[in-house]
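A quick write-up on the structure given underneath.
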Amino acid sequence: MDDGEWEDVDNIPLHLRPPVGSKYLTIVDVTGVHFVLVRPCQCLNAERYHMQLFLAKLCPSTFDKPSTAFTFSVLDDFLRDNVECGTSGMNYYSKLRRVTSNVFPHLVVDRYRELLRVAWQWCLLKLLKWSGFQDNKNCTKKGDLVIFCAACPQPGINIDPAANLDDWKYSRTVVMDGNFKVEHMHERRPDDQVWLMDGRGFMVANPPYQAYLKATPHIMEKSSCNNHKAISQASASRGKLNSMGVGATACAQHGCFYPHSVVDFQKGER
Ligand SMILES: [Zn+2]
Ligand SMILES: [Zn+2]
């Protein structure tokens, strides 16, 4: 039986029911999903509604007439869980539902898509802040939003620009390797995709990379080794995957990735 068939609004516990007849915001926090009555300041010199929410440490899911907002702490918590525990947006939202109501998690409102969208915007805002940008108009250079190794010699950053770079002490060692676990599916609606920071992080900019892939002929190699992933994947079919792994360049001494150097593998180490 379908969930919707026997769920009656009257059966939803009071604390999970949205308030009737008043303007409320759905606020998603680490403590769960709440409905809170919010009235914006209407004074003449008041900030716009979404800015007022930001000032209250709430990140709205849309900028005109927001009805859902995420607290800064839930967004930070999601990014940390995502990085350290590999938590997906779906799992994280399920956890929030469970935190809100341990008995009726399925009755908690669904803000999963909003979480995904806002989390990406939050990530970009954080990167812009850490890199000293006020907005993303001035941030146009490749790899602008990420930092490279602090110890590797870089003229103008930690060594004199006039120094002789041929000196042995200024040499850098670079390693390149691939990861075949990070697969990326084809987008369902590629036209709807918005690139927030194309080429400004560790990944290479997409349009020039696609142009390069098209322009480079690929020669299939026959290998005598029968279970080398880089080779066996090269002849596998891509199916629904957009990319089958990533390849990156890092400094050998400290293991820091080079900004604007990570590429998607199309097949094997191609
Ligand atoms: Zn006011
Ligand atoms: Zn280094």
Side-chain angles (χ1 to χ4, degrees), residues 19 21-29 34-73 79-80 83-84 123 126-133 139-182 197-205 209 230 245-265 269:
S22 38
K23 261 196 102 50
Y24 66 92
L25 267 184
T26 307
I27 291 184
V28 184
D29 183 41
H34 313 280
F35 301 113
V36 180
L37 302 181
V38 173
R39 204 169 284 194
C41 167
Q42 309 268 11
C43 297
L44 275 179
N45 57 353
E47 297 273 5
R48 289 170 58 201
Y49 189 25
H50 69 267
M51 286 311 285
Q52 290 185 32
L53 291 175
F54 273 113
L55 290 169
K57 296 199 172 186
L58 294 168
C59 193
S61 65
T62 46
F63 295 111
D64 342 301
K65 299 186 191 153
S67 63
T68 300
F70 294 81
T71 59
F72 288 5
S73 55
L79 291 189
R80 270 193 297 259
V83 170
E84 293 295 338
C123 196
K126 284 260 162 164
L127 286 170
L128 286 168
K129 189 182 95 172
W130 291 332
S131 315
F133 292 103
C139 159
T140 46
K141 278 198 255 131
K142 291 169 180 170
D144 240 357
L145 289 177
V146 287
I147 46 168
F148 180 55
C149 183
C152 277
Q154 294 155 77
I157 291 178
N158 51 13
I159 57 169
D160 184 355
N164 174 23
L165 294 178
D166 291 334
D167 197 321
W168 62 269
K169 64 183 176 187
Y170 295 141
S171 65
R172 285 197 210 169
T173 319
V174 166
V175 287
M176 287 181 182
D177 202 2
N179 175 324
F180 298 100
K181 285 193 179 156
V182 277
M197 40 190 162
D198 189 24
R200 281 174 278 156
F202 286 106
M203 301 288 295
V204 294
Y209 182 58
V246 293
T249 312
C251 74
Q253 284 95 347
H254 321 100
C256 294
F257 289 113
Y258 275 79
H260 197 263
S261 77
V262 182
V263 294
D264 280 332
F265 284 147
E269 283 194 356

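We count ligands from 1, going down the list as the structure has it; atoms in each ligand are counted the same way.
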Nearest heavy-atom neighbours spanning Ala205 and Asp198: CA-OD1, 3.5 Å
Partner set under salt bridge (Lys or Arg N to Asp or Glu O under 4.0 Å) for Lys126, not counting sequence neighbours: Asp76
Atom pair SG (Cys149) and CD (Gln253), whose distance is rounded to the nearest 0.5 Å: 8.0 Å
Tally of protein N, O or S atoms, where distance to the Zn ion (ligand 2) is under 2.8 Å: 4
Distance in Å, Thr249 OG1 paired with His260 NE2, rounded so as to fall on 0.5 Å steps: 11.5 Å
Steps toward side chain to side chain contact (heavy atoms under 4.5 Å, CB included) verdict (Val246, Asp264): CA-CA 5 Å; Val246 293; Asp264 280 332; 3.7 Å; yes
Value rounded to 0.5 Å, distance of CZ in Phe202 from CG in Leu145: 10.0 Å
Minimal non-hydrogen separation, Phe148 against Phe257, with atom names: CD1-O, 3.3 Å
Atom pair SG (Cys59) and CZ (Phe54), whose distance is rounded to the nearest 0.5 Å: 4.0 Å
Residue-atom pairs from the protein, N, O or S only, that lie under 2.8 Å from the Zn ion (ligand 1): Cys41 SG, Cys43 SG
Sequence-distant partners of Ser67, side chain to side chain donor-acceptor pair (under 3.5 Å), two or more places apart: none
